[in-house]
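Notes to accompany the following structure.
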Amino acid sequence: MLDPCQSPAPPEVPLRALQETELRNELSIFGQPLEDEVYPPAVSRLFELEPEPSATLPFVQGHAEFVSGLARRVVADSAAFVKLVGCEGERIDSEACKHQLFELVINRLFRGRRDDETMAELQQAFDAGQKLSGDVQGGLRAVLEVALQSPEFLYRPELGRAVEGRSAPWAQPTDLEMASRLSFLFWDRGPDDELLAAAANGGLTEPADIEAQARRLLADERAQGAIVRFYRELMSSGQVKFGPEASAFGPDVLELMDQEFAGFVVRATFEGAGDFRALFAPNTWLNPPLASYYGLPPPKGDGFGAVALDSSKYAGILTQPAWLTRASLPQFTNPSRRGWVIARSLLCSGIPSEPSGVDEHPPMPIAGKTTRQLLAEHNANPACAGCHQLIDPVGFALEHIDAAGRYRDDENGLVIDASGELGAGAGRFDGAAELGALIADSPEAHDCFVTQWQRLAFGRVEEQANECTRSELREQFAADPNVIELLVALTQTDSFRFRKVQP
Amino acid sequence: MKPFRLGRRAVLRGAGSVAIALPWLEIMQPLKSSRAADAPAKRFVAVYTPGGTVLDDWTSSSIAQLSPILSPLSGVKQHLIALNGLTMKCAVGGEQLQAGMVGLLTGCAQMRDGRPPPNASLDQVLAQKLGSSVLYQAVRWATGTGAGEASDGNTLSYGVSGDAFTRAVPAIDPAATWQRLFGSLPVGPDGAWKKSILDSVIGRYAKLSRQLGSADKQRLETHMEMLRSLERSVNEHCFPLVLVDTSDYDPTAAAAENVVTDAAIPKVGKLMMDMLVVALSCDLTHVGVMQWADSRAAYTLPWLDLPGGQAQRYYENDGGFDPASMTKIFTWYSTQHAYLLQQMAKVDLGGRTLLDESVVFFGTQQQSPATHAKDHMPFMLAGGGGGLKGGRVLSFDDQSHNDLLTSLANLFGDTRTTFGDIEYCGAPLSGLT
């Protein structure tokens with residue numbers, strides 16, 4: 001194979017729209033609840049390589065409505081407003097407060113993008129609003145409404161600039177644009193003051209400067225949310241709609257399971273070795289009610305805490321009920337679905353989603369047969385076998401975790417066969433723990449993990465130009481499978497530091 | 001309703017480019033032909049009336065001599081195609097009242113395990129096709145049907161969401177529907193404000209998109225087009241619709257023979273038809289489904305002064321079935337259809353009317369209230385969309401109504417050759433255009 005780094009090409013970086021989490025984070029400064037119907041703005045399936053979803057008309061309209069109400073409420077509460085924009089001690093209709101609102105728009109909403117024309121347009125929006133409403137508050141309201149619908153807020157536009165020593169189509173983001181790249185990658189939101197200041201001082205061009213900021217962001221608590229989001233999307237079973245309300249346990253338990261999942265991945269990433277293997281370690285993050293639900297020993301204290309698990313039964317992320325229950329049916333497991341998640345997300349094995357129109361329900365339980373036995377008959381159809389023989393065995397490994405997320409020794413008295421083979425020659429396993437050990441040591445899984453992070457970081461465009469970056473990262477991750485180091489390394493790559501000039 | 005300006009049509013055709021991801025200016029060209037009769041239909045309406053008909057009083061041998069039940073439609077007969085002799089084969093068997101609801105727009109048999117049929121219904125297929133530049137892919141509402149969960153008995157509309165099959169339950173509250181459709185659009189005293197904000201926002205998109213490369217620019221222009229379509233909805237021609245007082249109508253009581261609520265059904269139905277016409281002509285949606293009831297149709301029709309008390313007893317054979325009353329009821333529905341078609345024919349979209357661009361399908365779930373038979377279904381079409389030619393009676397010999405669904409999809413440029421369960425499909429109907 002040709003070395004992809006022989007003739008590197010600059011990466012295409014298409015315009016990215018804010019995703020749901022990002023939008024929620026960005027709007028959180030106003031302290032107003034968002035409307036669930038409007039947000040998410042568009043359905044994005046991060047790990048299925050779909051093109052960036054476009055804005056939809058219902059979103060555009062719903063967002064317009066929402067920000068209209070938001071602006072009204074924000075301006076109506078003078079005390080909160082002066083605090084929000086930072087003009088304490090002044091009247092809301094003072095020149096100082098207007099000035100501060102403009103600053104908030106530029107720094108927080110437009111992420112530092114400032115030019116004379118924009119300032120003039122904000123003033124025009126203010127004037128028009130004041131004229132139509134008859135008061136200064138109306139002007140402030142109009143500025144907020146316009147700003148929150150502006151492309152500088154809803155998108156992450158990059159104009160780029162020339163690169164010293166490289167000619168077109170090589171370009172790089174401006175320092176401000178780099179500030180956004182970093183903060184959205186690690187914090188799911190726009191840059192903080194320190195990043196903006198670094199950008200203003202030309203401090204986000206050199207790799208060492210970028211690395212320093214990356215490490216600062218990753219050390220901040222805000223990075224946890226982005227890490228959790230990555231794993232949540234990674235292990236999500238996509239289109240499955242089986243909600244918690246239909247399952248054998250209540251939504252409260254599912255919410256606790258989500259906290260368990262978040263606590264587990266945060267701990268696996270930020271504590272201890274923080275390496276790939278830690279993702280498959282036999283421990284989790286429980287509080288007493290959840291521990292009692294599972295029948296596991298509780299953590300110390302009343303809140304959530306780490307709990308060590310039986311290393312012959314549990315394997316970290318593989319046995320996390322938050323995703324296993326979602327990849328189950330209300331009353332029984334769905335090994336095909338579970339196996340598909342692992343094959344797609346952890347092994348990148350290129351298994352397609354199930355063909356449309358197929359019956360997504362696994363066979364109904366029959367007394368005297370295990371789910372595995374039923375599925376084996378069900379998938380005897382050669383048309384199905386092609387994919388199912390790849391995904392089902394991996395799913396069977398998790399059969400000891402039932403549809404409600406609890407460990408079971410047997411399936412209604414029947415012996416569970418959790419054995420299988422991880423692809424030809426890649427090793428045999430019996431149960432989740434052995435499967436976890438195989439994946440934790442699998443070079444393919446390491447490579448896949450790198451690919452998944454790359455998709456997240458670079459807007460899921462898999463193109464030739466990112467191949468060099470991928471091979472570099474894979475090499476580095478093979479040598480040091482520490483997740484934080486992988487993320488720092490991401491920021492040092494051509495794919496992250498550059499962009500291709502768009503025709 | 002005032003006519004639309006011709007210029008607006010050109011803009012709307014541009015907005016359609018969002019759907020097919022062409023640069024929107026590219027499509028801003030003159031109409032290919034002054035006679036756009038063979039262009040695909042643009043809007044689809046399905047109207048459901050419950051119970052079937054009284055076949056002898058329904059069947060017309062020619063459009064010149066409309067039958068008693070169809071006589072109220074004489075003023076719009078040039079737009080009408082009465083279809084004789086189609087059989088809803090997919091609905092033979094199944095629950096006697098519901099199977100026809102399930103099959104009417106899906107061409108599928110009712111599932112025995114309570115699940116929705118594994119096929120999207122025609123309205124949903126067309127909503128996908130026509131819906132990407134409008135606020136709502138489709139609007140669906142119903143009078144005289146109890147609320148509650150979507151079921152085979154109360155909806156015609158079935159979809160595929162991801163890998164799951166779904167039912168779309170019609171909206172039943174007229175005031176809430178009005179609020180949803182028109183309440184949040186930039187109209188009324190707030191119009192000037194909203195227009196001003198949108199102007200500023202659109203200006204910002206225009207400015208930024210000039211600085212970006214072609215692909216990014218196109219994304220922002222797509223977004224800008226949506227903002228423009230919001231701005232267009234400020235158009236005063238679009239919103240003369242006044243919300244009539246329907247406080248005497250309790251949508252959740254309409255399935256329970258509630259006399260007060262039932263008496264309001266004509267008013268509510270008219271409001272729903274008016275909303276449908278405005279929603280279609282203002283491009284809030286391109287697909288509408290209107291149900292005059294659910295499958296049971298348990299409401300009374302007090303304004304018709306039927307003999308035998310309040311309950312219409314639609315579906316009773318022994319002792320309850322009264323053909324004279326039934327004919328009276330079905331004739332009243334024809335009067336409502338005539339109103340809808342007249343309103344659609346009044347909207348001038350720049351040389352062509354809303355009805356000219358639409359295909360309207362009138363259907364029911366069975367032929368006869370008494371027997372629940374599924375042959376000789378009393379179906380009608382109206383409109384000129386896709387080259388549909390009105391003013392005719394077409395007779396068929398037991399041809400499957402799946403073929404009608406296929407033909408209707410074809411009028412919209414969908415090239416499929418079957419619709420729904422393939423076992424009920426033959427060749428598409430001939431002679432519609």
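Sequence lines set the chain letters: A, B, ... in the order given, protein chains first and strands last, and positions in each chain run from 1. For the numbers below, each heavy atom of this structure counts, side chains included, while hydrogens, waters and symmetry mates do not.
Only the side chain of B:Leu208 comes within contact range of chain A, with at least one heavy atom under 4.5 Å from a heavy atom of that chain. Using a 4.5 Å cut-off between heavy atoms, A:Gln124 does not touch chain B at all. Heavy atoms of A:Ser68 lying under 4.5 Å from chain B are absent altogether. Contact of A:Ala64 with chain B is made through the side chain alone, with heavy-atom distances under 4.5 Å. Proximity to chain A involves both the backbone and the side chain of B:Ser214, based on heavy atoms less than 4.5 angstrom apart.
Interatomic distance, CG of B:Leu230 versus CD of A:Gln61, reported as 5.5 Å (0.5 Å rounding).
When the ring pair (Phe, Tyr, Trp, His ring centres under 6.0 Å) test is applied to B:His223, the partners found at least two apart in sequence or on another chain are A:Tyr155, B:Tyr205. Contacts of A:Asp115 classified as salt bridge (Lys or Arg N to Asp or Glu O under 4.0 Å), with partners at least two apart in sequence or in another chain: B:Lys207.
A salt bridge is absent between A:Glu117 and B:Arg204: the closest approach of a Lys/Arg side-chain nitrogen to an acidic carboxylate oxygen does not fall below 4.0 angstrom.
When all heavy atoms of B:Leu220 and A:Pro151 are compared, the closest pair comes out as CD2-CB, 4.0 Å. Of all heavy-atom pairs spanning B:Asp216 and A:Leu15, the tightest one is OD1-N, 2.9 Å. Summarising the geometry of B:Trp193 relative to A:Ser133, their closest heavy-atom pair is CZ3-CB, 4.2 Å, with the distance given to 0.1 Å.
With chain A as partner, the option from B:Ser209, B:Ala215, B:Gly203 having the largest number of non-hydrogen pairs under 4.5 angstrom is B:Ala215.
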* Evaluate side-chain contact (heavy atoms from CB on, under 4.5 Å) for A:Glu65 paired with B:Lys194, printing each intermediate quantity in order. => CA-CA 10 Å; A:Glu65 272 306 299; B:Lys194 290 180 177 177; 3.4 Å; yes

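Judged purely by atom type and a 3.5 angstrom limit, A:Gln149 has no side-chain atom pairing as donor or acceptor with the backbone of B:Leu198.
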